[in-house]
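Here is the naming used below: chain letters follow the sequence lines, and residue numbers restart at 1 for every chain. These numbers were taken from a predicted model, which means no experiment stands behind them.
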Protein chains: 2
Amino acid sequence: MPTPTAFAGLAALMGDPARAAMLQALLSGEALTAGELARIAGIGAPTASAHLARLVEGGLVAVHPQGRHRYHRLASEEVAAAIEMLGGLTVSVGPPRRWPHGEEFRAARLCYDHLAGRLGVALHAALVGQGWIAPAAGGWSSTAVGEAGLGRLGVDLSAARTARRFACDCMDWSERRAHLAGGLGREIAACCLRQHWLARLPPAREGDALARRRLRLTPEGARRLDAALGVRLAA
Amino acid sequence: MPTPTAFAGLAALMGDPARAAMLQALLSGEALTAGELARIAGIGAPTASAHLARLVEGGLVAVHPQGRHRYHRLASEEVAAAIEMLGGLTVSVGPPRRWPHGEEFRAARLCYDHLAGRLGVALHAALVGQGWIAPAAGGWSSTAVGEAGLGRLGVDLSAARTARRFACDCMDWSERRAHLAGGLGREIAACCLRQHWLARLPPAREGDALARRRLRLTPEGARRLDAALGVRLAA
DNA sequence: CCCGTCCTTCGTCCGGCGGCGAAGTCAGGG
DNA sequence: CCCTGACTTCGCCGCCGGACGAAGGACGGG
């Protein structure tokens, strides 16, 4: 195990309310400017700047300047996974409480770059149930019928294969079941969003980090997914 | 996602150096008394008591009093997994550094209740390579030849099946490859330790949380594992 | 029953960190 | 070229929380 101080430093980095709000906002995969993150965290610009500097220095966040904006995003998929896992702990740990988490978040949301919530879990179950993916070492591989079906849906399989992992499970913190991550999960989400099967992300409200991650199915999107996968994804 | 404050609270709980040292010590799966944890963290008894109260209150640690001792252990496998994942981040994140972590830890150690390090990774690879386990939804299932072989080794398969998950991957932070977790991983470790295939855990030195997790193969243990699995596990 | 041990509670101190305002730096536009 | 807008650096303040000493319960043993 790494030195306790290194471990504690990393955890402490995520342990500040303002930084935690920033990290959760970045979990959608978007790159956000320092000013946006300051408003999301509800703090002033100087304070946000100091926090972001520490997050970058700690390796959790990557920054790439463009003009007079500085865009920030999570440094890696591993960072996103760790944040998701910690978020999952908060619902399983502590005094049992009735779900205080909005119904919208449980229905559909983004986990880094793929679909999560009931929608993501249903997608996972449908892909397995239809035999489109099959268990393989370390995750899932696509079947012949799956490749045909995914192609019909417009999913870019070759792009999915360029990822470090083609398809693997990612524990869903609200449903307590796996949803689909990896290159395939990313491409399916990209394809769905591109084709407007899902409503666009609503604009962020000031101080509301969570609004960014909410998704709603369009009627058209629900219909096409239902037809393609043979399940009722829409609530 | 849970409220940012809940997330931050949990991360902050792990973010204190003293509490981090305690959690890492508990990662071996052992139940430790408040006094032991105080010495491990290098703090006084009153301070340790306050820290442990917060860890229990936060749901990360479970306590069960026995006589005048109060034994503490991690509250669940999920807590252990989250701590491991955060530990993994500390080696992949931040400025690239040459491995400052002891060779002994990378060779063999315990991850909660199963084998990790090069030993754990080699075991995983051997089980797959010999066809003793095969990919299944959410993890691995045992094959017929595997069940025979594991039975010869003295592994209690029925005990392994009582776990929530029979066999699944757990990312190894030092080898960056999967080792075996779940009921099977637990039973193999229990069986190995019971049969003295591995040297006993060395006694804890004061203030040294890491010593608890170091393992060394006995010559007898290495020979039997080599013969059974057909790989050279000993360095 | 009294003592030793383990652990907790209480009271107190103090260092560190998060917060902001003001000033400085840099990029872009009219 | 100056102005605006985005972000950083600097300096300072307030306060939360982690540290300890002393005292106060539990529990077990002689």
Side-chain angles (χ1 to χ4, degrees), chain A residues 4-26 30-58 60-73 204 206-207 209, chain B residues 4-26 30-58 60-73 204 206-207 209:
Chain A
T5 61
F7 175 90
L10 202 55
L13 216 47
M14 307 194 219
D16 176 80
R19 286 194 295 264
M22 290 178 173
L23 290 173
Q24 292 202 5
L26 293 173
E30 280 183 286
L32 301 175
T33 67
E36 287 176 304
L37 288 167
R39 285 192 300 275
I40 287 172
I43 55 180
T47 311
S49 182
H51 281 312
L52 287 170
R54 293 185 61 179
L55 287 173
V56 170
E57 215 266 314
L60 294 182
V61 164
V63 56
H64 41 106
Q66 283 182 18
R68 53 186 174 184
H69 294 285
R70 301 193 71 190
Y71 285 94
H72 299 263
R73 54 188 315 148
E206 300 259 330
Chain B
T5 61
F7 176 90
L10 201 56
L13 215 48
M14 307 194 217
D16 176 80
R19 288 194 293 266
M22 291 178 172
L23 290 173
Q24 291 202 4
L26 292 172
E30 280 182 287
L32 302 175
T33 67
E36 288 176 304
L37 288 167
R39 285 192 299 275
I40 287 172
I43 56 180
T47 310
S49 183
H51 281 311
L52 286 170
R54 294 187 59 183
L55 288 173
V56 170
E57 215 263 316
L60 294 181
V61 164
V63 54
H64 41 106
Q66 283 182 16
R68 54 184 171 183
H69 295 283
R70 301 194 71 191
Y71 285 94
H72 298 263
R73 54 188 317 149
E206 301 257 334

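Among all heavy-atom pairs drawn from L10(A) and G58(A), the shortest one is CD1-O, 4.2 Å. Taking each heavy atom of A18(B) and I43(B) in turn, the nearest pair found is CB-CD1, 3.9 Å. Summarising the geometry of F7(A) relative to A20(B), their closest heavy-atom pair is CD2-CB, 3.5 Å, with the distance given to 0.1 Å.
When rounded to the nearest whole Å, the span between CG of L32(A) and P of dC7(D) equals 11 Å.
Checking each of M22(B), R70(B), E57(B) against L52(B) for a side-chain contact (heavy atoms from CB on, under 4.5 Å) leaves exactly one that passes, namely M22(B).
For the atom pair CD of E36(A) and CD1 of I40(A), the computed distance is 6.5 Å after rounding to the nearest 0.5 Å. For the atom pair H69(B) NE2 and L32(B) CG, the distance stands at 12.5 Å (nearest 0.5 Å).
A donor-acceptor pair is defined here as one N or O able to donate and one able to accept, closer than 3.5 Å; no such pair exists between the side chain of R73(B) and the backbone of H64(B).
By the 4.5 Å heavy-atom criterion applied to side chains, V63(B) and H72(B) are counted as neighbours. You'll find the side chain of L37(A) reaches within 4.5 Å of the side chain of L26(A), heavy atoms only.
Nucleotides of DNA chain C that come within less than 4.0 Å of any heavy atom of chain B span, from the 5' end to the 3' end, dG4(C) to dT9(C).
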Close N/O contacts between protein and nucleotides 8-17 of chain D (under 3.5 Å):
residue	atom	partner	partner atom	Å
dT8(D)	OP1	R70(A)	NH1	2.7
dT8(D)	OP2	S49(A)	OG	2.7
dT8(D)	O5'	S49(A)	OG	3.0

Using nucleotides 25-30 of chain D, report all nitrogen or oxygen pairs with the protein that are shorter than 3.5 Å.
none

